[in-house]
Enquirer: 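Provided herewith is a single structure, encoded as structure tokens, for subsequent inquiry.
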Amino acid sequence: MSGLIGLEYVLNLYSIQHIELAQKLGIKKQNINMWVKGRQNIPKKYLPVLEDIFGIDRTYFSKEITEIDQLEIQKEKIKRELKPVVKKIEQHFSLGEINDLVEVPVYDEEEMNAIEWEIERRSLMARFKAAMEVVDDNPYMDTYRLIVELMEKAQHEIVLQKTVEALAHYYQVLPDWVSTGSEQDEYEDELFEFFDDNNY
């Protein structure tokens, strides 16, 4: 393994020395060294103990972690230390295999909300990059170029927002029952009528 192992990142984040964790687990420091270097798998019996010590899901400790994983770990650390109050719950679209509304907490702590926002931003960037990688084999290069130019020049225009939402409905990216209001519905009807008239 060449990437950063989750356990190493966690130990650095919490400023815990290898010897200190080894003492907590009742094992030799060399074992911890082997784990963080990826030369030895963490025995399954220690995973729930690590999970309990750090309050972080056991799946993070043994794998090579991404930047998004690092943010998730930071978020869990802050939640444990600050015990932030959830001010409200917002509903956001989750676009993926199952397109639906998901509940997203808004915390009383700005630091928590900043990390939540950064996780979402990086996730979208990763998905956008993955989508762009198909351009080499995709005959619709002009479409991708237009998308990028619109994002650069018109990202704050309401007409772009409405058009993207309308297209999302048209291609069934969003559930049919989702609506942002009568104005959006009217705009979508006109847009879809245009599609039909031009045989799109």
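We're numbering straight along the sequence, starting at 1. Keep in mind that what you see is a predicted model, and the values were worked out from it rather than measured.
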Enquirer: If you compare all heavy atoms of Ile32 against all heavy atoms of Ala22, which two are closest, and at what distance to 0.1 Å?
Expert: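 For Ile32 and Ala22, the tightest heavy-atom pair comes out as CG1-CB, 3.9 Å.
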Enquirer: Any idea which heavy atoms bring Pro48 and Arg58 closest together, and the distance?
Expert: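 Taking Pro48 first and Arg58 second, the nearest heavy atoms are CB-NH2, 3.7 Å.
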Enquirer: Does the side chain of Leu21 come within less than 4.5 Å of Leu50's, by heavy atoms?
Expert: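 Yes, close enough: below the 4.5 Å cut-off.
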Enquirer: Do Lys77 and Phe54 form a cation-pi contact, if we require the NZ or CZ to be under 6.0 Å from the six-membered ring centre and within 45 degrees of the ring's axis?
Expert: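 No, Lys77 does not sit over the ring of Phe54.
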Enquirer: Working to the nearest 0.5 Å, report the span between NZ of Lys162 and CD of Glu157.
Expert: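 Going from the NZ atom of Lys162 to the CD atom of Glu157 covers 13.0 Å.
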Enquirer: Please say whether more than 12 non-hydrogen atoms of neighbouring residues, nucleotides or ligands are located less than 6.0 Å from CD in Glu20.
Expert: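 Result for CD/Glu20: enclosed.
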Enquirer: Applying side-chain contact (heavy atoms from CB on, under 4.5 Å), can you list everything that pairs with Thr163, at least two apart in sequence or on another chain?
Expert: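 Counting only residues at least two positions away or on another chain, Thr163 forms a side-chain contact (heavy atoms from CB on, under 4.5 Å) with Val159, Leu167, Tyr187, Leu191.
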Enquirer: Contact between Leu4 and Gln70 at the side-chain level, heavy atoms closer than 4.5 Å - yes or no?
Expert: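 The answer is yes; the side chains approach within 4.5 Å.
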Enquirer: Taking Lys75 as the fixed residue, which of Glu116, Glu81, Glu120 is the one that meets the salt bridge (Lys or Arg N to Asp or Glu O under 4.0 Å) rule?
Expert: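 The single option meeting the salt bridge (Lys or Arg N to Asp or Glu O under 4.0 Å) with Lys75 is Glu116.
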Enquirer: Using a strict 4.0 Å threshold on nitrogen-to-oxygen distance, state whether Arg121 and Glu118 make a salt bridge.
Expert: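 Looking at Glu118 together with Arg121, the answer is yes, because their closest N to O distance falls below 4.0 Å.
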Enquirer: Starting from Ile89 and following side-chain heavy-atom contacts under 4.5 Å between hydrophobic residues (I, L, V, M, F, W, Y), which residues can be reached?
Expert: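 Same cluster as Ile89: Ile68, Leu71, Ile78, Leu82, Val86, Tyr107, Met112, Ile115, Ile119.
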Enquirer: Pair Phe61, Ile5 - check side-chain contact (heavy atoms from CB on, under 4.5 Å), show working.
Expert: CA-CA 7 Å; Phe61 293 111; Ile5 301 297; over 6 Å; no
Enquirer: Are Val164 and Leu146 linked, directly or through other ILVMFWY residues, by side chains that come within less than 4.5 angstrom of each other?
Expert: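 In one cluster with Val164: Leu146, no.
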Enquirer: Can you find a side-chain donor-acceptor pair between Ser182 and Asp185 that sits under 3.5 Å?
Expert: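 No donor-acceptor contact under 3.5 Å links the two side chains.
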Enquirer: Apply the test side-chain contact (heavy atoms from CB on, under 4.5 Å) to residues Lys28 and Asn31: give CA-CA distance (whole Å), side-chain angles for both, the deciding distance (0.1 Å), then the verdict.
Expert: CA-CA 6 Å; Lys28 293 180 180 179; Asn31 292 109; 3.6 Å; yes
Enquirer: Is there a path of hydrophobic side-chain contacts, each under 4.5 Å between heavy atoms of I/L/V/M/F/W/Y residues, joining Leu13 to Ile65?
Expert: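 Yes.
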Enquirer: Begin with the C-alpha distance, continue with both residues' side-chain angles, and end with the deciding distance and a verdict on side chain to side chain donor-acceptor pair (under 3.5 Å) for Gln74 and Tyr9.
Expert: CA-CA 10 Å; Gln74 289 177 35; Tyr9 179 76; 2.8 Å; yes
Enquirer: So, using side-chain contact (heavy atoms from CB on, under 4.5 Å) as the criterion, who are the partners of Gln23 when residues are at least two apart?
Expert: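 With neighbours one apart ignored, the set is Ile19.
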Enquirer: Asp108: what forms a side-chain contact (heavy atoms from CB on, under 4.5 Å) with it, not counting sequence neighbours?
Expert: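 Scan of Asp108 (side-chain contact (heavy atoms from CB on, under 4.5 Å), adjacent residues dropped) gives Val85, Lys87.
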Enquirer: Holding to side-chain contact (heavy atoms from CB on, under 4.5 Å), I want the full list of residues that pass it with Lys45, two or more places apart in sequence or in another chain.
Expert: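 By the side-chain contact (heavy atoms from CB on, under 4.5 Å) rule, Lys45 matches Pro43.
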Enquirer: Taking all non-hydrogen atoms of both residues into account, name the closest pair between Lys24 and Ile53 and its distance.
Expert: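 Heavy atoms of Lys24 and Ile53 come nearest at CD-CD1, 4.3 Å.
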Enquirer: Starting from Leu150, can I reach Met125 by hopping between I/L/V/M/F/W/Y residues whose side chains sit under 4.5 Å apart?
Expert: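 They do not share one cluster, since no chain of ILVMFWY contacts under 4.5 Å joins Met125 to Leu150.
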Enquirer: Could you tell me which residues satisfy side chain to side chain donor-acceptor pair (under 3.5 Å) with Gln40, sequence neighbours excluded, listed by chain and number?
Expert: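 Gln40 satisfies side chain to side chain donor-acceptor pair (under 3.5 Å) with Trp35 only.
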Enquirer: How about Gln161 and Glu165: do any of their side-chain heavy atoms sit closer than 4.5 Å?
Expert: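 Gln161 reaches Glu165 side chain to side chain.
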Enquirer: I'd like to know if Leu160 and Phe192 are part of one continuous hydrophobic network [Ile/Leu/Val/Met/Phe/Trp/Tyr, side-chain heavy atoms within less than 4.5 Å].
Expert: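 No, it is not one cluster - the side chains of Phe192 and Leu160 are not joined through contacts under 4.5 Å.
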Enquirer: Is the closest side-chain donor-acceptor distance between Glu51 and Tyr60 under 3.5 Å?
Expert: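 Checked: Glu51/Tyr60 side chains show no N/O donor-acceptor pair below 3.5 Å.
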Enquirer: If you measure from CD on Gln17 to NZ on Lys29, what distance do you get to the nearest 0.5 Å?
Expert: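 Here the rounded value is 8.0 Å.
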Enquirer: To the nearest 0.5 Å, what is the distance between CD (Glu149) and NZ (Lys153)?
Expert: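 It is 5.0 Å, given to the nearest 0.5 Å.
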Enquirer: Considering all heavy atoms of both residues, which atom of Ser62 and which atom of Leu47 are nearest to each other, and what is their separation?
Expert: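 Taking Ser62 first and Leu47 second, the nearest heavy atoms are OG-CD2, 4.1 Å.
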Enquirer: Are Leu124 and Tyr144 grouped together when hydrophobic residues (ILVMFWY) are joined by side-chain heavy atoms under 4.5 angstrom apart?
Expert: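 Not linked; separate clusters.
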Enquirer: Spell out, as yes or no, whether a donor-acceptor pair under 3.5 Å connects the side chain of Asp69 to the backbone of Thr66.
Expert: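 Here the side-chain-to-backbone pair exists.
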Enquirer: Under a 4.5 Å cut-off applied to non-hydrogen side-chain atoms, are Asn113 and Glu110 in contact?
Expert: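 When only atoms from C-beta onward are counted, Glu110 and Asn113 do not touch, as no gap falls below 4.5 Å.
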Enquirer: Using 0.5 Å steps for rounding, measure from the CD1 atom of Ile147 to the CZ atom of Phe128.
Expert: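 Answer for the CD1-CZ pair, Ile147 versus Phe128, is 6.5 Å.
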